[in-house]
Amino acid sequence: MAHAPTDSDYIVIVDEPANPAPAILTTPEAMRRWRAEHSGSLGFVPTMGYLHEGHLALVNRSCAENLRTVVSIFVNPTQFGPNEDFEKYPRDEVRDLSLLRDAGVDAVYLPSAAEMYPPGFQTYVNVEEVTQPLEGASRPGHFRGVATVVLKLFNAVGADRAYFGRKDAQQLRVIQRMTRDLDLGVEIVPCDIEREADGLAMSSRNVYLSPEQRAAAPILKRSLDHAKGLWAAGERNADTLRRAVLDILATEPLGEVDYVSLADDVTLEELTGTVTGPALLSLVVRFGRTRLLDNVELR
Ligand code: AMP
């Protein structure tokens with residue numbers, strides 16, 4: 001029977017996020033205190049912010065596999081070279097925090113550079129052989145900065161598991177090595193590369209690309225896929241596989257090849273002759289000043 005509308009006939013939709021805001025922790029002491037107050041399995045996702053779907057895939061996996069998840073956002077000055085993009089590295093803390101709230105993250109660790117590197121700071125972690133080739137050769141000191149900051153983050157967060165993307169393949173191996181060598185007791189969980197629809201690996205640095213460079217950038221993935229196809233068809237010669245990638249990259253005038261490497265999957269020693277074991281095929285191509293990384297594992 002029809003009746004005059006009353007309050008109970010309306011559903012009030014309030015535009016409020018479903019999840020509580022994560023705790024924001026800005027010092028190692030505050031981070032450690034939070035951990036001490038929250039028992040149970042803890043997953044950790046270290047990032048430099050300016051989050052995209054690649055980061056969020058790590059976050060979602062951590063949330064699914066742990067009782068709680070902490071994400072750090074810290075643009076680490078010690079892993080940038082003097083002529084690199086530390087100052088202009090993209091940052092958007094407000095958007096990042098909103099994405100992390102939507103993802104259901106429990107705490108965000110946001111230390112300042114002054115907290116992380118107090119006056120007189122002089123202790124660094126040097127992971128040896130595995131940091132030498134590839135990114136280590138192109139970016140001297142980079143992995144010293146990465147290993148040092150990750151150890152510091154691990155010490156403050158106290159996580160059971162830490163999530164790293166395969167996109168930064170050498171970084172993943174450096175962290176795995178350091179974690180074993182220094183008995184850190186954190187399980188390192190490698191996560192697959194998230195890509196744009198046209199195959200370009202997601203990266204905070206993709207915003208630097210001009211429209212023309214962005215349109216050309218999927219050639220990285222295409223060249224890797226071609227070599228992967230050769231591998232699947234039985235090609236095992238290291239030079240032939242590297243050459244196949246280089247030949248495709250050479251067709252793109254906007255991209256300048258920094259390196260194409262076919263290396264042992266664990267030690268990252270460059271391979272020659274017939275490849276027997278699992279290998280990492282990785283490359284860096286520069287578009288203007290922007291270095292784009294990509295890789296594929298050949299098993
Ligand atoms: P960054 O903020 O660039 O330091 O990256 C933080 C973490 O996200 C690292 O473990 C990266 O390997 C990972 N990551 C970045 N881009 C991607 C991607 N496209 N797919 C998967 N993981 C990624």
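Ligands are counted one by one from 1 in listed order, and the atoms in each one are counted from 1 as well.
In the displayed structure, Q132 atom CD is contacted under 6.0 Å by more than 12 heavy atoms of other residues, nucleotides or ligands.
Side chains of Q170 and S282: a donor-acceptor N/O pair is absent below 3.5 angstrom, by distance only. Side-chain contact check for T69 and N66: no donor-acceptor pair (N or O, by modelled atom type) lies under 3.5 Å. No side-chain donor-acceptor contact under 3.5 Å links Y163 and E187.
The side-chain tip of R91 points at the ring of F86 from less than 6.0 angstrom away and within 45° of straight on.
In the vicinity of F164, heavy-atom distances shorter than 4.0 Å reach the ligand 1 atoms 10 (O). Ligand-side atoms of ligand 1 in range of M202: 16 (N), 17 (C), 18 (C), 19 (N), range being under 4.0 angstrom from any heavy atom. Residue D192 approaches ligand 1 through these ligand atoms, each under 4.0 Å from one of its heavy atoms: 20 (N), 21 (C). Under a 4.0 Å criterion applied to the non-hydrogen atoms of I193, ligand 1 contributes the atoms 20 (N), 21 (C). Each of the following atoms of ligand 1 lies closer than 4.0 Å to a heavy atom of M48: 1 (P), 2 (O), 4 (O). Contact atoms of ligand 1 toward T47: 2 (O), 6 (C) (distance under 4.0 Å to a heavy atom of the residue).
Of the listed options A169, P46, G165, A162, P46 places a heavy atom closest to atom 6 (C) of ligand 1.
If you check which protein heavy atom lies closest to atom 20 (N) of ligand 1, you get E194 N, 2.8 Å. Ranking protein heavy atoms by distance to atom 11 (C) of ligand 1, first place goes to D168 OD2, 3.0 Å.
Ring geometry, Y117 versus F121: the interplanar angle exceeds 60°, so the pair is classed perpendicular (tilted spans 30 to 60°).
Taking 4.0 Å as the cut-off, L172 does not count as a neighbour of ligand 1 on heavy-atom distance. Taking 4.0 Å as the cut-off, H52 counts as a neighbour of ligand 1 on heavy-atom distance.
Looking at L58 against ligand 1, only its side chain comes within 4.0 Å, counting heavy atoms.
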Could you check E29 against R33 for salt bridge (Lys or Arg N to Asp or Glu O under 4.0 Å), going step by step and ending with a plain yes or no? CA-CA 6 Å; E29 293 71 30; R33 210 174 317 120; over 6 Å; no

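At least one N or O atom of H55 sits closer than 3.5 Å to an N or O atom of ligand 1. Between R166 and ligand 1, a contact under 3.5 Å exists for no N or O pair.
In this structure, R177 contributes its side chain and V266 its backbone to no donor-acceptor pair below 3.5 Å.
With respect to D294 and R195, a salt bridge is recorded, a charged nitrogen being found less than 4.0 Å from a carboxylate O.
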